[in-house]
Amino acid sequence: MNEEQLKIELEKRFGYSDFKPGQVQPILSILEGKNTLATLPTGTGKSLIYQLSGYLLEGIVIIISPLLSLMQDQVAQLKYMGEKRTAALNSMLTAEEKQFLLARVHKMKFLFLSPEMLQNNAVMARLKQSKIALFVVDEAHCISQWGLDFRSDYLSLGKSREALGNPLTLAVTATATPKVRQDILRSLNLSPEAVAVFEGAVNRDNIYYKTVAVQPEDKNAVLLDVIKAYPTPGIIYFSSKAQADAVTHLIKQKTDLRAESYHADRSNEDRITIQHQFLQDELDIICATSAFGMGINKPNIRFVLHYHMPNSIEEYVQEVGRAGRDGNPCIAILFYAATDASFKLRMLQNDFPSEALIEQTVSSKKMAVEYATPTEETLLTYILQNNLSSTEAKAFVENRLNLKKEMLFKMKDYAETNRCKREIIAHYFGKEFDEKPEFCCSSCGDEEPYMERFRPARDAFSKKVQDGWGKIVSDLFLL
DNA sequence: CGAGCATCTCTTAGGAGATGCTCGGTGCCCTAAT
């Protein structure tokens with residue numbers, strides 16, 4: 001199959017006349033039977049890659065997805081397009097529903113599962129009987145980001161894949177450093193030579209990167225100035241749920257902006273409502289923890305502000321990348337206080353098991369559960385499962401901690417540097433950096449001229465809020 | 001790699017100084033017994 005024929009299929013199945021950049025090559029690669037890793041910016045239609053390929057291959061497409069809400073969205077989207085042979089197999093189903101679904105797996109075309117579900121014997125037994133066209137790992141960076149200290153079942157994907165007879169595999173994610181790509185391939189038991197890798201661009205020309213040094217006690221005041229000056233909608237990221245709530249309250253008190261907080265303590269209903277309102281432009285600002293954002297595709301986000309710095313540059317880039325999907329100017333603002341970095345470093349070290357605990361665990365061959373942090377628990381479980389010796393275990397933990405520290409230090413460097421922010425990001429992702437946009441970052445030049453470009457967007461948005469003209473007005477002004 | 005607050009200690013009644021505690025975020029999965 002060549003590109004022209006693919007276009008015909010695209011038109012036929014989805015009604016699109018052409019592909020978005022970066023979609024064709026991974027599809028062709030899959031259809032040639034090659035395991036494929038594709039890193040594409042979000043919003044470029046990653047799901048179309050497995051959907052179209054899936055239709056052109058015989059058998060069922062299994063999609064490993066990190067979040068229940070993402071599965072729901074994807075199933076809804078497929079059903080909306082008229083595809084009935086799709087379902088999500090997860091804990092939202094009753095036991096009976098699960099059995100019913102499992103019994104007719106062979107009639108499915110697209111089946112969504114969490115990595116945890118693959119640990120279920122009944123599920124695996126059923127999948128083994130099915131002809132698997134394609135094994136897809138969506139948001140594959142979760143393997144690297146969560147596998148070792150949060151959701152360890154992400155590390156077992158390779159074993160599950162093997163148990164399923166090493167089906168043709170596609171891993172997709174928005175951002176992956178060389179290290180993350182390596183983690184993904186290793187976890188999936190894919191040797192680098194046997195995988196076709198496609199990388200999209202990391203650089204986002206329409207984002208202006210800005211860092212502001214702010215003492216913790218001044219953050220709120222500076223924040224209020226910032227959100228009054230910049231056009232909305234925007235996201236403010238926090239590393240504390242309580243602070244996200246507190247600042248939401250402050251914004252409501254001190255401004256006319258419509259704000260809500262979003263984090264794991266909010267009920268499912270609230271989270272759905274808030275996300276929906278934000279997508280519909282019924283909220284100006286979301287104050288969120290890292291719980292917010294995966295799978296969100298809102299084109300007109302004008303700023304992403306970090307009240308605390310994240311743990312790594314990849315997290316930062318992922319969160320900041322949610323701004324300006326429409327291609328219009330937007331800004332990423334990072335509040336930085338040296339104490340934020342030291343605090344995060346200390347927490348990181350606290351999370352990891354001590355040498356004594358490692359030795360105790362290895363020699364007793366069982367977990368000392370009472371005092372374990374989630375990270376300790378995950379790491380120690382891994383050590384026990386893989387039967388590491390005390391020396392190996394200590395080296396393993398130290399290595400992992402050092403990696404995390406290093407990521408944090410690089411984030412700190414990014415925050416503190418006077419060098420070009422864009423360049424640092426590019427290099428971090430292993431990219432050459434060639435062309436600087438006119439308005440680059442706070443190290444390269446003043447934002448004031450860039451702000452001029454914001455003004456139409458801001459005026460359009462406030463107009464829209466005032467007289468409820470909706471999209472027409474804002475679209476006109478954004479052109 | 002700090003900072004703010006609460007409690008403790010000493011020694012004798014109001015307070016100084018020391019010590020301890022606390023400060024973080026991501027999500028799957030239905031295991032049990034009335």
Side-chain angles (χ1 to χ4, degrees), chain A residues 63-72 88-99 112-124 137-139 141-157 160 215-219 235-247 261-268 271 287-296 306-312 314-316 318-319 336-352 369 373-378 381 404-405 407-409 411-413 415-416:
Chain A
I63 303 109
I64 308 302
S65 173
L67 302 179
L68 299 179
S69 62
L70 286 187
M71 298 184 207
Q72 299 301 107
L89 180 61
N90 59 39
S91 62
M92 293 169 90
L93 304 180
T94 64
E96 293 76 32
E97 288 170 330
K98 256 185 234 167
Q99 277 190 337
F112 294 83
L113 299 158
S114 67
E116 287 82 3
M117 261 300 166
L118 288 183
Q119 298 306 304
N120 181 307
N121 290 333
V123 171
M124 280 302 278
V137 183
D138 197 9
E139 306 287 357
H141 64 280
C142 293
I143 289 175
S144 176
Q145 194 174 315
W146 283 350
L148 268 173
D149 44 22
F150 185 51
R151 284 173 74 177
S152 53
D153 290 323
Y154 259 108
L155 294 185
S156 308
L157 289 178
S160 308
Q215 289 309 306
E217 64 271 21
D218 300 331
K219 279 187 177 176
I235 307 175
I236 307 176
Y237 276 106
F238 296 81
S239 40
S240 141
K241 294 181 275 195
Q243 300 220 53
D245 286 337
V247 171
S261 70
Y262 186 108
H263 50 68
D265 282 352
R266 308 232 31 182
S267 70
N268 261 342
R271 287 167 76 158
C287 294
T289 60
S290 57
F292 183 76
M294 199 149 46
I296 301 284
H306 280 78
Y307 192 93
H308 304 113
M309 74 175 198
N311 289 311
S312 66
E314 50 256 59
E315 258 178 75
Y316 186 66
Q318 193 121 27
E319 288 169 355
Y336 175 70
T339 49
D340 294 350
S342 53
F343 176 67
K344 276 184 178 286
L345 181 60
R346 206 172 37 263
M347 294 314 287
L348 192 58
Q349 279 164 331
N350 284 350
D351 276 353
F352 276 68
V369 190
T373 64
T375 303
E376 281 178 336
E377 196 173 333
T378 313
T381 305
K404 289 237 159 188
K405 275 192 201 169
M407 292 198 284
L408 184 61
F409 287 143
M411 184 65 223
K412 185 169 176 278
D413 289 345
E416 290 174 345

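Letters go in sequence order (proteins before strands), and every chain restarts at 1. Computed over heavy atoms, backbone and side chain alike; hydrogens, waters and symmetry mates excluded.
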Specify the separation, in whole Å, of atom [atom1] of [X] and atom [atom2] of [N].
X: A/Asn350; N: B/dG2; atom1: CG; atom2: P; answer: 14 Å
X: A/Met92; N: B/dC30; atom1: CE; atom2: P; answer: 13 Å
X: A/Phe343; N: B/dG4; atom1: CZ; atom2: P; answer: 14 Å
X: A/Asn121; N: B/dC30; atom1: CG; atom2: P; answer: 12 Å
X: A/Glu315; N: B/dG25; atom1: CD; atom2: C1'; answer: 9 Å

When you compare [N] with [M], how far apart are their [atom1] atoms, in angstrom units rounded to a whole number?
N: B/dA16; M: B/dT12; atom1: P; answer: 15 Å
N: B/dC28; M: B/dC23; atom1: C1'; answer: 27 Å
N: B/dG14; M: B/dT19; atom1: P; answer: 26 Å

For [X], report the nucleic acid contact type (base, sugar-phosphate, nothing); a contact means any heavy atom under 4.0 Å.
X: A/Asn311; value: base
X: A/His308; value: nothing
X: A/Pro66; value: sugar-phosphate
X: A/Met294; value: nothing

Check: What do you reckon, do A/Phe150 and the base of B/dT26 stack, with centroid distance below 5.5 Å and planes below 30°?
Finding: yes
Margin query: Both A/Lys404 and A/Arg346 contact DNA chain B. Taking the nearest nucleotide for each, which residue is further toward the 5' end?
Written below: A/Arg346
Next item on the list: Give a yes/no on whether any side-chain N or O of A/Lys98 is located under 4.0 angstrom from OP1 or OP2 of B/dC30.
Entry: yes
Notebook entry, point to check: Is the closest basic N to carboxylate O distance between A/Lys219 and A/Asp340 below 4.0 Å?
Noted result: yes
Margin query: Going by purine N1 to pyrimidine N3 plus the second Watson-Crick contact, or the G-U wobble pair, all under 3.5 Å, which nucleotide sits opposite B/dC8?
Written below: B/dG17
Next item on the list: Any strand is fair game: report the nucleotide pairing with B/dT31 by Watson-Crick or G-U wobble, both distances under 3.5 Å, or none.
Entry: none
Looking only at side-chain N and O atoms, does [Y] offer a donor or acceptor that is under 3.5 Å from a partner on [X]?
X: A/His306; Y: A/Glu319; result: yes
X: A/Asp138; Y: A/Ser65; result: no
X: A/Thr289; Y: A/His263; result: no

Item checked: Other residues, nucleotides, ligands: >12 heavy atoms within 6.0 Å of A/Gln349 CD -> yes
Notebook entry, point to check: Is the glycosidic angle of B/dT31 within 90° of 0, making it syn, or outside that range, making it anti?
Noted result: syn
